[in-house]
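The structure appears below as structure tokens.
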Amino acid sequence: MLNIGCHLSSAKGYLAMGKAAVSIGADTFQFFTRNPRGTRAKAIKEEDVEAFKVFAREHGIHPILAHAPYILNPASADEGLRRLAAETMADDLARMEYTPGNFYNFHPGCHVGQGVEKGIEEIAGMLNQILKPEQHTVMLLETMAGKGTEIGGRFEELRQIMDQVVLKDHVGVCLDTCHVWDGGYDIAGHLDQVIDEFDRVIGLSHLKAIHLNDSQNPLGARKDRHARIGEGCIGKEALGRVVCHPALKNLPFYLETPNELDGYAREIEMMRQAWASEEAED
Ligand code: FE
Ligand code: FE
Ligand code: ZN
């Protein structure tokens with residue numbers, strides 16, 4: 001079965017997210033570990049996590065994906081900002097140990113003028129500082145749109161970061177369909193070629209999750225403005241082919257489209273239908 005969910009608010013805790021997911025036909029979800037524009041985190045309530053785990057097992061909710069605050073910049077030229085990113089992400093990884101066996105996604109960062117190579121070194125340096133052999137979470141580098149000095153708009157850049165990480169089985173990649181499209185990878189017209197290129201440069205075994213979004217802008221726009229499925233430049237058919245692709249169909253998919261719960265429910269249903277009709281053909 002297609003493994004799909006969406007981004008949910010973490011304001012009411014884990015169990016509430018699990019219930020919201022089930023109510024919209026999802027079997028996974030993504031959430032912010034803390035205020036996406038800040039770094040303050042609420043304390044984890046152990047009763048909530050335990051109740052969630054029971055609920056998740058009953059309803060087959062797995063794997064959940066935590067998203068780091070996007071204001072963090074591990075590629076910054078400023079040492080204080082790099083330290084803030086490292087400390088916040090290390091704290092998130094410690095919190096993720098309450099729900100072992102899941103994913104933690106982050107934006108690699110912006111090199112803000114110091115150059116891609118230096119930025120990549122800083123990102124890998126942070127990962128080597130905060131990743132511990134005993135952790136049960138895989139950290140995912142998100143593919144980015146390549147806006148401004150953003151690192152991760154090219155598969156090669158993610159590959160270079162991963163090459164410098166010591167605990168290689170603790171890192172993977174989350175591919176965002178809006179971001180790669182904005183970065184110039186034509187997943188609507190040439191999906192097979194894009195997947196082949198990902199495999200050649202990074203390796204498909206490192207691809208752990210997909211952010212499923214349409215884009216408000218044309219191929220290569222480098223803007224990063226998400227659209228609802230079928231209301232953007234990628235299109236519903238092309239995104240349907242993404243969830244059905246043999247190299248991707250067993251990955252978890254997370255919608256980050258501008259929607260409330262009812263809109264997410266419709267998109268999940270739409271993608272489940274695409275997946276089911278593809279299965280029926282095989
Ligand atoms: Fe993101
Ligand atoms: Fe994303
Ligand atoms: Zn985005």
Side-chain angles (χ1 to χ4, degrees), residues 2-5 7 28-33 61-70 72 74-75 85-86 88-90 92-97 99-109 119-120 122-145 150-180 183 185 187 194-213 242-243 245-256:
L2 174 63
N3 189 197
I4 188 167
H7 188 91
T28 182
F29 60 86
Q30 173 178 266
F31 62 103
F32 282 123
T33 54
I61 299 174
H62 184 81
I64 57 171
L65 175 58
H67 194 305
Y70 45 69
L72 298 178
T88 306
M89 292 197 206
D92 278 344
L93 284 174
R95 295 156 61 89
M96 291 293 289
E97 287 299 303
T99 52
N102 289 298
F103 299 122
Y104 179 52
N105 173 81
F106 74 107
H107 296 179
I120 285 173
E122 297 292 2
I123 297 160
M126 179 196 72
L127 291 170
N128 286 330
Q129 179 192 335
I130 68 172
L131 291 173
K132 304 277 178 273
E134 64 273 18
Q135 281 159 358
H136 300 88
T137 300
V138 176
M139 253 181 111
L140 305 184
L141 293 148
E142 183 168 352
T143 61
M144 302 307 291
E150 233 168 40
I151 295 171
R154 305 293 311 164
F155 296 157
E156 285 80 1
E157 294 170 1
L158 298 183
R159 174 59 201 249
Q160 283 179 54
I161 297 168
M162 295 170 82
D163 278 345
Q164 296 178 36
V165 171
V166 177
L167 295 172
K168 295 197 190 302
D169 56 339
H170 284 48
V171 290
V173 173
C174 174
L175 184 146
D176 186 308
T177 54
C178 168
H179 296 177
V180 295
Y185 293 99
I187 52 168
V194 174
I195 291 173
D196 283 350
E197 187 167 346
F198 186 99
D199 193 31
R200 183 176 56 77
V201 176
I202 297 176
L204 277 171
S205 64
H206 301 290
L207 182 57
K208 304 296 185 192
I210 308 273
H211 281 165
L212 195 69
N213 303 305
V242 168
V243 300
H245 196 283
L248 312 177
K249 62 187 289 188
N250 294 316
L251 294 169
F253 294 87
Y254 304 87
L255 296 159
E256 300 176 309

Hey, do the aromatic rings of Phe198 and Tyr185 have their centres closer than 6.0 Å? no
Distance (rounded to the nearest 0.5 Å) between [X] [atom1] and [Y] [atom2]:
X: Leu141; Y: Leu158; atom1: CG; atom2: CG; value: 5.5 Å
X: Ile123; Y: Ile161; atom1: CD1; atom2: CD1; value: 4.0 Å
X: Met126; Y: Met89; atom1: CE; atom2: CE; value: 4.0 Å

Counting C-beta onward and ignoring hydrogens, is there a side-chain heavy-atom pair between [X] and [Y] closer than 4.5 Å?
X: Gln30; Y: Phe103; answer: no
X: Glu97; Y: Thr137; answer: yes
X: Ile120; Y: Glu157; answer: yes
X: Asn102; Y: His136; answer: no
X: Leu127; Y: Gln164; answer: no
X: Val194; Y: Phe155; answer: yes
X: Thr33; Y: Phe106; answer: no
X: Pro63; Y: Asn3; answer: yes

Please assess Leu175 against Leu248 for the test side-chain contact (heavy atoms from CB on, under 4.5 Å), listing each intermediate value before the final yes or no. CA-CA 10 Å; Leu175 184 146; Leu248 312 177; over 6 Å; no
Parallel, tilted or perpendicular for Tyr70 and His107, by the 30°/60° rule?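 Tyr70 and His107: parallel rings.
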Aromatic plane relationship, Phe31 with Phe29 - under 30° parallel, 30 to 60° tilted, over 60° perpendicular: tilted
Where do [X] and [Y] come nearest, in terms of heavy atoms and distance?
X: Leu131; Y: Leu93; value: CD2-CD1, 4.2 Å
X: Phe253; Y: Val243; value: CZ-CA, 3.6 Å
X: Ile130; Y: Ala90; value: CG2-CB, 3.9 Å
X: Glu256; Y: Asp176; value: OE1-OD2, 3.0 Å
X: Glu142; Y: Pro108; value: O-CD, 3.4 Å

Pairs of donor and acceptor atoms involving the side chains of residues 199-210, under 3.5 Å and at least two apart or interchain, shall be tabulated with distances.
unit_1, atom_1, unit_2, atom_2, d
Asp199, OD1, Leu204, N, 2.9
Lys208, NZ, Ser205, O, 3.1

Tell me every residue that passes side chain to side chain donor-acceptor pair (under 3.5 Å) with Glu122, counting only those two or more places apart in sequence or in another chain. Arg82, Lys118
For the residue pair Gln135 and His170, confirm or rule out a side-chain donor-acceptor distance under 3.5 Å. no
Walk me through whether His211 and Asn105 qualify under side-chain contact (heavy atoms from CB on, under 4.5 Å). CA-CA 10 Å; His211 281 165; Asn105 173 81; 3.6 Å; yes
